[in-house]
Amino acid sequence: MTVYHGSDIEISKPDIAHSRSNVDFGKGFYTTPIYKQAENWCRKFKRRGKAGIISVYDFDESAYRKLKVLRFDSYSEEWLDFIVACRKGNDNSDYDIITGSVANDRVFNTIELYLDNLIGKKEALSKLIYEKPNMQICFRTQTAIDNFLHFKESISI
């Protein structure tokens, strides 16, 4: 499967050491199988006057059988709980790869309302069903990256 990563630089050798903590699925290297989504990730860099570079990879999907993987097929209570735990820095899981929807700005606004106890979990989830589907694949271990993610090229946006 072809996957993409949007940034301001080409990333031919992704590594966990340069990953941010307290994001959707915790510390890891984030990709998407949706080109337009990676292109959108590049926009934040372009708004800051930087380059927009999409790094393209071949993802060996045999990883799903060989590694410890967590999949979220839709917005759910489990997805919401996991996102909240990761964003608060309270995730201690040992998954190699996590897949599921992105908590983009619009989605995170709903999550913040939930975190601030302004809406309940049920209401938060009911608001999320109206969000446009998206997908991210988070590689959380260097083993997953080194063995199953292979750089192909980069594209300037």
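Every value quoted in this text rests on a predicted model; they were computed, and no experiment measured them.
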Checklist entry - Sub-3.5 Å donor-acceptor pair from the side chain of Tyr4 to the main-chain atoms of Glu39, do we have one? => result no

Checklist entry - Are Tyr35 and Ile155 side-chain neighbours, meaning at least one heavy-atom pair lies under 4.5 Å? => result yes

Next on the checklist: Can you classify the ring geometry of Tyr95 versus Phe82 as parallel (below 30°), tilted (30 to 60°) or perpendicular (above 60°)?
Outcome noted: perpendicular

Item to check | Beyond-backbone contact of Leu80 with Glu77, side-chain heavy atoms, under 4.5 angstrom | outcome: no

Next on the checklist: Strictly distance-based, threshold 3.5 Å: is any side-chain N or O of Ser55 a donor or acceptor partner for the main-chain N or O of Ser154?
Outcome noted: no

Checklist entry - For Ser19, which residues count as a side-chain hydrogen bond (donor to acceptor under 3.5 Å, both in side chains) partner, sequence neighbours excluded? => result none

Checklist entry - So, the side chain of His5 versus the backbone of Ala38: is there a donor-acceptor pair under 3.5 Å, distance only? => result no

Checklist entry - Thinking salt bridges, do Asp91 and Arg140 make one under a 4.0 Å N-O criterion? => result yes

Next on the checklist: Nearest 0.5 Å, please: how far is CD1 in Ile53 from OG in Ser7?
Outcome noted: 8.0 Å

Checklist entry - Just by modelled atom types, is the Ile157 backbone N or O under 3.5 Å from a matching donor or acceptor in the Lys46 side chain? => result yes

Next on the checklist: Please evaluate residues Ile98 and Phe72 with respect to the criterion side-chain contact (heavy atoms from CB on, under 4.5 Å), reporting the C-alpha separation (whole Å), side-chain torsions for both, the decisive distance (0.1 Å), and the verdict.
Outcome noted: CA-CA 8 Å; Ile98 301 176; Phe72 294 104; 4.0 Å; yes

Next on the checklist: Using every non-hydrogen atom in the two residues, find where Gly26 and Cys138 come nearest and quote the distance to one decimal.
Outcome noted: O-SG, 4.2 Å

Item to check | Residues Asp96 and Lys66 bridged, charged N to O under 4.0 Å | outcome: no

Next on the checklist: Taking Pro14's backbone N and O only, do any of them form a donor-acceptor pair with Gln142's side chain (distance below 3.5 Å, no angle check)?
Outcome noted: yes

Checklist entry - Does Trp79 reach the main-chain N or O of Gly100 with its side chain, forming a donor-acceptor pair under 3.5 Å? => result no

Checklist entry - NZ/Lys88 to CG/Leu115 distance, rounded to the nearest 0.5 angstrom? => result 5.5 Å

Item to check | Interatomic spacing from OH in Tyr30 to CG in Asp24 - rounded to 0.5 Å | outcome: 5.5 Å

Item to check | 4.5 Å side-chain heavy-atom contact, Asp8 and Arg48 | outcome: no

Next on the checklist: What I'd like to find out is whether the side chain of Lys127 reaches to under 4.5 Å of the side chain of Ile119, using heavy atoms alone.
Outcome noted: yes

Next on the checklist: Using modelled atom types and a 3.5 Å cut-off, is there a donor and acceptor pairing between side-chain atoms of Asp60 and backbone atoms of Ser62?
Outcome noted: yes

Checklist entry - Would you say Thr31 and Gln136 make side-chain contact, with heavy atoms under 4.5 Å? => result no

Checklist entry - Say you draw a straight line from OG of Ser101 to CZ of Phe25; how long is it, rounded to the nearest 0.5 Å? => result 7.0 Å

Checklist entry - Are any non-hydrogen side-chain atoms of Thr2 and Lys152 less than 4.5 angstrom apart? => result yes

Checklist entry - Should side-chain heavy atoms under 4.5 Å link Ile, Leu, Val, Met, Phe, Trp and Tyr, which residues sit in the same cluster as Phe139? => result Met1, Val3, Ile9, Ile11, Ile16, Phe29, Tyr57, Phe59, Tyr64, Leu67, Val69, Ile97, Ile137, Ile145, Phe148, Leu149, Phe151

Checklist entry - Under a 4.5 Å cut-off applied to non-hydrogen side-chain atoms, are Asp81 and Lys121 in contact? => result yes

Checklist outcome for this item: OG1 of Thr110 to CG of Leu125, rounded to nearest 0.5 Å, is 10.0 Å

